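A short worksheet on the structure shown next.
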Amino acid sequence: MTQQQGQIPGCLKLGEDLELDVRAYQLRRARRVLKLEPTPMELLLFLVERRGELVTRDQIVERLWGKDVFLDTDNSINGAIRKIRRVLKDDPERPRFVETVSGKGYRFIAPVGEPRTTGQDRTPDFAHPPVAAPGSTRPRPRKLLAVVAAAVALLAAATLAYFYLHRQSQLTDKDTIVLADFANTTSDPVFDNTLRQGLTVQLEQSPFLSLISDDRIQQVLKLMAQPADARLTPQISREICERTASAAVLDGSIASLGSQYVLTLRAKDCRSGDVLDEEQVQAARKEDVLNALSQIARRFRTRVGESLSTIKSHDRPLAEATTPSLQALKAYSEGWQVSFSSGSAASVPFFTRAIAIDPN
C-alpha cells in the first residue's frame, strides 16, 4: 500500500529493490546496507518525504543547514545529489529516482510504498506460541526457551560481526578530509606546524584519501573572515569541513610522557561530531617522532578503509619522503606558513634554512 505524500513510516520501499529504513537510518538493497553519508541521507529523506513535489534548492538549504548559513551550499547540494545517485545507480539523463528540474531543484519520482513482509521476514511471537493442532505434539517450554536463547545469541554474534567487519570502512575514495593543526603540549616549538606538514606528506601518498588543499583552506578562511595564518583548531577545521562538504576532520596532538612522546590522531565526522577513528603511538626519543608519525598515518589509512595493497605500495617513511631532520622539516613548514600570510618572497629564508640543515 502506497503511503500518502508527506508521511514517512518506519520503512519504505523505493522502486523495486531498495528499502529506506528511517528508524535505523539505513538504505538497503537486497538486505545489504548501502553506505550513504549523513548529508546525502538527510537530503534523500527530505526528497522522499516530499515525493512527487518540486523541492527547491532554497528549501534544501533551509532544511539541512538553516537560514543563516555561511556554506558553499551549491557545491554541498550538488555533491549530496551525486552521492545519492551513485548509491541508487540513478542516471541523471534518464532518472528513475531523482529528477533534476533545471534552475529550480529536484523531484523524487520513484514509486514509494511499504515493503511486503514474507513469512521469513516476520518476527516469531515467542510470547504467544501457536496452538498445537489436534494430534500434534506441542513444543516443550524448555525446548522453546533454548531455541529463543540460541536465536538471541546468534543475533548478538551477527551484530558484533557486522560492526567488526564494517568498523574499518569509515571513508570512501570519494570523501575529502580537512587536516587540522596538531596540539602541542610539550613546550617544544619544534613540533609546531611540523607534524601537520609531515602528516600531510604521509597521507598525500595515498591514492585512497583526499585532503583539502591548503590553497582551498585559505579561500575558505577568507570567507570565514579569518586571517590567512589562523591556527587550524578543531573548531575552525570543522567549519571548513562543513563549508567544503568534506567527510571528516583529522586532528592530532603530541604530549610528553617523561622522556617519551605520545602522538594521538583522531578523525571525526564533521557534521555529527562522531569519532570515526582514533590512534595513538609512542616515541621513545624526539628523534623517533617522525617515524611514529609515519606509523600512526599507516594505522589510520588501514582503519578507515584503504586496502593493504595500496598502503604497501604507497607508503614511503617520512624520513625518506621528506627529511629525517625535525629542524629541517620545521623550517620547511614555517616557509609554507609564511608564504600564505606574507607572500612567497618572505618564505625564502625559511626554505633556505631547511636546505642548509638537510641539502637532500
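Bear in mind that the values here come from a model prediction, so they are computed numbers and not experimental data.
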Side-chain heavy atoms under 4.5 angstrom apart, residues restricted to Ile, Leu, Val, Met, Phe, Trp, Tyr: same cluster for I77 and F46?
yes
Check ion pair R28-E19 (N to O, under 4.0 angstrom):
yes
Salt bridge (charged side-chain N to carboxylate O under 4.0 Å, His left out) assessment of K35 paired with D175:
CA-CA 12 Å; K35 180 176 175 60; D175 294 325; 5.1 Å; no
Does L223 reach the side chain of R243, with side-chain heavy atoms less than 4.5 Å apart?
yes
Nearest heavy atoms of A354 and A328, plus distance in Å:
CB-O, 3.5 Å
Where the side chain of R238 meets the backbone of C270, is there a donor-acceptor pair that is under 3.5 Å apart?
yes
Short side-chain donor-acceptor distance under 3.5 Å, N78 and R57
yes
Are L232 and F182 co-members of a hydrophobic cluster defined by side-chain heavy atoms under 4.5 Å apart?
no
Decide side chain to side chain contact (heavy atoms under 4.5 Å, CB included) for L263 and L293; before the verdict, give the C-alpha distance in whole Å, the side-chain angles of both, and the deciding distance to 0.1 Å.
CA-CA 7 Å; L263 279 75; L293 193 63; 3.8 Å; yes
Side-chain contact test, heavy atoms from C-beta onward, threshold under 4.5 Å: evaluate it for L265 versus L199 and give yes or no.
yes
Judged by atom type as modelled, is there a donor-acceptor pair below 3.5 Å linking the side chain of Q26 to the main-chain atoms of V33?
no
With a 4.5 Å cut-off on side-chain heavy-atom distances among I, L, V, M, F, W and Y, is there a chain of contacts connecting I217 to L211?
no
Heavy-atom side-chain contact between V178 and T244 under 4.5 Å:
yes
From I81 atom CD1 to L43 atom CG, the distance as rounded to the nearest 0.5 Å
4.5 Å
For the residue pair S272 and D274, confirm or rule out a side-chain donor-acceptor distance under 3.5 Å.
yes
So do the side chains of V98 and F108 get within less than 4.5 Å of each other, counting heavy atoms only?
yes
Determine whether a donor-acceptor pair (N or O, by modelled atom type, separation under 3.5 Å) exists between the side chain of S206 and the backbone of F208.
yes
Applying salt bridge (charged side-chain N to carboxylate O under 4.0 Å, His left out), run through R196 and D214 and close with a yes or a no.
CA-CA 11 Å; R196 181 182 184 274; D214 285 343; 3.1 Å; yes
Any side-chain to backbone donor/acceptor pair from T185 onto I254? Under 3.5 Å, distance only.
yes
Do the side chains of R298 and D315 get close enough for a salt bridge, i.e. N-O under 4.0 angstrom?
yes
Would you confirm whether T323, through its side chain, and S325, through its main-chain N or O, come within 3.5 Å as a donor-acceptor pair?
yes
Hey, mind stepping through L47 and F97 against side chain to side chain contact (heavy atoms under 4.5 Å, CB included) and telling me if it holds?
CA-CA 10 Å; L47 293 174; F97 295 95; over 6 Å; no
Keeping the roles fixed (side chain from T310, backbone from S307), state whether a donor-acceptor pair exists under 3.5 Å.
yes
Whether R96 and D91 form a salt bridge (side-chain N of Lys/Arg under 4.0 Å from carboxylate O of Asp/Glu) is what I want to check.
no
Taking the side chain as everything from C-beta on, heavy atoms only, tell me whether D358 gets closer than 4.5 Å to P324.
yes
For T200 and E204, test the side chains for any donor-to-acceptor distance below 3.5 angstrom and give the result as yes or no.
no
Test log, rule salt bridge (charged side-chain N to carboxylate O under 4.0 Å, His left out), inputs D188 and K286
CA-CA 10 Å; D188 190 337; K286 181 189 293 189; 2.6 Å; yes
If you round to the nearest 0.5 Å, how far is OH of Y106 from CZ of R50?
15.5 Å
Quick check: closest heavy atoms across L276 and A248, and the distance to 0.1 Å?
CD1-CB, 3.8 Å
Please give me the minimum heavy-atom distance between K268 and G273, naming the atom from each residue.
CD-O, 3.9 Å
Could you please spell out the steps behind the side-chain hydrogen bond (donor to acceptor under 3.5 Å, both in side chains) verdict for T56 and D58?
CA-CA 5 Å; T56 67; D58 288 341; 5.3 Å; no
Hydrogens and angles aside, do S213 and D215 bring a side-chain donor and acceptor to less than 3.5 Å of each other?
no
Euclidean distance, E239 CD relative to L221 CG, rounded to 0.5 Å
9.5 Å
State whether the side chain of S246 and the backbone N or O of E242 hold a donor-acceptor pair below 3.5 Å, judged by distance alone.
no
Got a second to check how far E49's CD is from L20's CG, nearest 0.5 Å?
11.5 Å
If you look at every heavy atom in A228 and Q218, which pair is closest and at what distance?
O-OE1, 3.0 Å
Heavy-atom closest contact (H314 atom, Q205 atom, distance)
CB-O, 3.3 Å
Any ion pair linking R32 and D17 (charged N to carboxylate O, less than 4.0 Å)?
no
Hey, is the main chain of P189 close enough, under 3.5 Å, to the side chain of K330 for a donor-acceptor pair?
yes
Before we go on, tell me: are the rings of Y261 and F191 under 6.0 Å apart, centre to centre?
yes
Tell me whether L308 at atom CG has more than 12 heavy atoms from other residues, nucleotides or ligands lying less than 6.0 Å away.
no
Per side-chain hydrogen bond (donor to acceptor under 3.5 Å, both in side chains), R266 is matched among Q280, E278, E279 by E278
Please report the interatomic distance CG(L329) to CD1(I357), rounded to the nearest 0.5 Å.
10.0 Å
Indicate, with yes or no, if L195 and F350 share a hydrophobic cluster defined by side-chain heavy-atom contacts under 4.5 Å among Ile, Leu, Val, Met, Phe, Trp and Tyr.
no
Quick check: do L27 and L88 have side-chain heavy atoms less than 4.5 Å from each other?
yes
Flag the pair D192 and R231 as a salt bridge only when some basic side-chain nitrogen lies within less than 4.0 angstrom of an acidic carboxylate oxygen.
no
Does the pair L250 and L203 meet the rule for a side chain to side chain contact (heavy atoms under 4.5 Å, CB included), with working shown?
CA-CA 11 Å; L250 190 58; L203 296 183; 3.5 Å; yes
For residues Q202 and L318, report the shortest heavy-atom separation together with the two atoms involved.
OE1-N, 3.4 Å
Would R216 and Q219 satisfy side chain to side chain contact (heavy atoms under 4.5 Å, CB included), going step by step from the backbone distance to the final call?
CA-CA 5 Å; R216 178 70 176 125; Q219 295 171 5; 3.3 Å; yes
Tell me whether V304 shares a hydrophobic cluster with V249, the cluster being built from Ile, Leu, Val, Met, Phe, Trp, Tyr side chains joined at under 4.5 Å.
no
Got a donor-acceptor contact below 3.5 angstrom from the N193 side chain to the S333 backbone?
no
For the backbone of I296 and the side chain of R299, can you confirm whether one donor and one acceptor N or O come within less than 3.5 Å of each other?
no
Rounded to the nearest 0.5 Å, what's the gap from CD on Q59 to CG on L64? Could you check?
12.0 Å
Measure the shortest side-chain to side-chain distance between V190 and Q327 over non-hydrogen atoms and say whether it is less than 4.5 angstrom.
yes
Is E99 salt-bridged to R94, cutoff N-O under 4.0 Å?
no
Any side-chain heavy-atom pair of F300 and L209 under 4.5 Å:
yes
